[in-house]
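Please read the structure below before turning to the comments.
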Amino acid sequence: MTESAYNFAYLDEQTKRMIRRAILKGLAIPGYQVPFASREMPMPYGWGTGGVQVSAAVLTPEDRFKVIDQGADDTTNAVSIRTFFERTAQVATTTKTAQASVIQTRHRIPEEKLSEGQILVYQVPIPEPLRFLEPRESETRKMHALEEYGLMHVKLYEDISRHGHIATSYAYPVKVEGRYVMDPSPIPKFDNPKLGDMAAIQLFGAGREQRIYALPPYTDVVSLDFEDHPFEASKADHPCALCGAEHSYLDEVITDDAGGRMFVCSDTDFCEARQAAGHTGKDAA
Amino acid sequence: MTPLLSVQGITKLYGSHIGCADVSFELYPGEVMGIVGESGSGKSTLLNCMAGHLKPDAGAVVFDTRADGPRDTVTMSEPERRMLSRTDWAFVHQHARDGLRMGVSAGGNVGERLMAVGDRHYGNIRDKATDWLERVEIDASRVDDRPTTFSGGMQQRLQIARNLVTGPRLVFMDEPTGGLDVSVQARLLDLLRGLVRDMGLSAIIVTHDLAVVRLLADRLMVMKSGRVVEAGLTDQVLDDPQHAYSQLLVSSVLQV
């Protein structure tokens, strides 16, 4: 099949319209999970089918697109989704956070502060924060509707009783605008403070679970916690080995089988930009 | 004195079959009401209608709420009813598994109702949970163990602790001693009696075990085929049953 045989951004216009309606509803009710008729996409569930559909629905020919997977632009998932939209939408792509107008992300928020006019699209595996506590969908919907969120704290309670501190380190539940409890997708809790009061639009797409939810710009987002065990945005206690950054989220990379390891920024664009600006860490080549 | 709970003409039909029909009674603060009858007599249907788990086809269940005085819980909104059921009401299931979260530690189980009503201080929640475990005779060192590691009797006591931690005023119990062996039953009954007396609880106990009502209940209703056939003080009904069915029920208990 020739590439021009694809409709712009792969999905047909009726599907895009349906997804846009779900997105608009999600933006109108921040944190509320809007059901939508998720389509089969040419990739397996768990690889970002929800995110891809949301991206396809918001992309315009003028957009510049960036995809990150765990912060990196050069991993399989990021490369294949970027190529997918290059072929089916012919949009310009970039790895520079500041230059992108739509950023699809898997499990990270870029280190660089996003600005108004940008859209951040998250890939979400399990949109329901209460899922592993309450298996019945009918019941979790009722709990959201009636704002019965005591159960969410039971999870945090269990963490503290077992580990002495809140050990949940990713997909850390948040409360949006004092109303809905939301799963921010499996981003590290280090990124949680960036969710709130962000200038960019944040859209969350869960393909297998058929849910879309959203945070409009400058939304109030609070991470749940206990009075005597307050929320803490944690990261590995090291500077980046390549760029020396002290306050970025780090990946631990095993370098040999003799205990050798290095900590590097998970956000590759952020790290490369710092290195280009002359910052160096201890392991910089 | 206002009754804590006033049940007026509760009727629940399953198609043409009667679940329970035209049941009325009043329960005053500190009183324990027993409901006995054989399987299928409508005891559990009645209890579920009162506790808001089933919607009755006719009748009213008027509860004396703390804030607004007597309110009909059948017609009140669902959020209000659910709020009642996690603050002023408690429901003890026959099978502890139905009332507990088996994947959550004992402390988390007891703490859930506290967190549901807005408690957000870990230390306080844990202290209260530990205190309640001791009150139901579970060793405090087991606060972090899951209920799956507990025996049947312990699970039932844990369920009771979990229900009573928010200081409810009305407890619904559905066969609380069912499936436990007799010595464990005796200890559980002893515990329940102590808690009911100490906290001044009102309770409605559904059971087919006459010994349970003899020990716990002040008043007794005998149900048959969905209807109340006899009601009165427990000792009066058990020692001098008037209705033929009550007589059968009392005489069918083996005297050891």
Side-chain angles (χ1 to χ4, degrees), chain A residues 32 126 128-169 171-176 178-181 189 192 220-232 234, chain B residues 52-53 55 76-87 89-90 97-130 132-133 138 140-149 158 161-163 165-166:
Chain A
Y32 172 72
I126 292 161
E128 178 53 71
L130 302 161
R131 176 57 67 241
F132 292 109
L133 302 154
E134 175 54 65
R136 288 167 294 178
E137 174 74 16
S138 57
E139 188 64 20
T140 53
R141 279 199 206 186
K142 203 170 271 180
M143 289 159 89
H144 281 295
L146 302 178
E147 255 183 288
E148 290 180 3
Y149 290 131
L151 199 51
M152 207 67 248
H153 275 86
V154 173
K155 179 180 153 64
L156 302 179
Y157 172 94
E158 288 289 287
D159 260 10
I160 303 173
S161 72
R162 204 167 304 159
H163 306 286
H165 61 98
I166 299 180
T168 303
S169 56
Y172 193 100
V174 294
K175 195 162 204 178
V176 180
R179 178 61 181 85
Y180 283 99
V181 165
K189 69 177 172 184
N192 267 24
D220 179 39
V221 179
V222 179
S223 303
L224 300 179
D225 60 3
F226 284 102
E227 288 158 16
D228 46 348
H229 287 266
F231 171 79
E232 214 176 311
S234 58
Chain B
H53 299 170
K55 192 174 164 53
M76 74 167 42
S77 71
E78 192 178 7
E80 285 178 296
R81 194 164 50 236
R82 283 173 72 110
M83 189 65 191
L84 262 188
S85 68
R86 59 174 191 266
T87 52
W89 290 357
R97 287 173 171 271
D98 297 338
L100 292 174
R101 289 191 190 279
M102 299 308 279
V104 169
S105 71
N109 265 297
V110 178
E112 181 179 344
R113 271 171 83 111
L114 294 171
M115 293 182 249
V117 295
D119 211 326
R120 293 289 179 264
H121 191 284
Y122 174 80
N124 294 351
I125 294 168
R126 196 175 169 82
D127 288 348
K128 272 190 206 163
T130 316
W132 264 99
L133 287 185
I138 296 175
S141 66
R142 308 222 39 192
V143 66
D144 291 332
D145 292 349
R146 292 187 178 195
T148 38
T149 66
L158 178 62
R162 166 185 162 90
N163 272 291
V165 65
T166 46

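To find a chain, count down the sequence lines: A is the first, B the second, and so on, and within it residues start at 1.
- Between B:Gly108 and A:Glu158 the shortest heavy-atom distance is CA-OE2, 3.7 Å.
- Using cut-offs of 30° and 60° for the angle between ring planes, the B:Tyr122 and A:His229 rings count as perpendicular.
- Crowding of A:Glu232 atom CD: a count of heavy atoms from other residues, nucleotides or ligands under 6.0 Å not exceeding 12.
- For A:Lys189, the NZ atom counts as densely surrounded, since its 6.0 Å shell holds more than 12 non-hydrogen atoms of other residues, nucleotides or ligands.
- A:Tyr157 and B:Arg126 make their closest contact through OH-NH1, 3.6 Å (heavy atoms, listed as atom of the first residue, atom of the second, distance).
- No part of A:Leu224 comes within reach of chain B, as not one of its non-hydrogen atoms sits under 4.5 angstrom from that chain.
- Around atom CZ of B:Arg97, no more than 12 heavy atoms belonging to other residues, nucleotides or ligands sit under 6.0 Å away.
- Residues B:Ile125 and A:His153 form no side-chain contact, since every pair of their non-hydrogen atoms from C-beta on lies 4.5 Å or further apart.
- Residue B:Gly123 comes nearest to A:Asp228 through the heavy atom pair N-OD2, 2.6 Å, listed as atom of the first residue, atom of the second, then distance.
- Between chain A and the residues B:Gly107, B:Gly103, B:Gly111, the most heavy-atom pairs under 4.5 angstrom are made by B:Gly107.
- In this structure, chain B has heavy atoms under 4.5 Å from both the backbone and the side chain of A:Ile160.
- Ranking B:Arg101, B:Arg120, B:Arg86, B:Met83 against chain A, the residue ahead of the rest is B:Arg120, based on heavy-atom pairs under 4.5 Å.
- Between chain A and the options B:Arg113, B:Arg82, B:Glu112, heavy-atom pairs under 4.5 Å are most frequent for B:Arg82.
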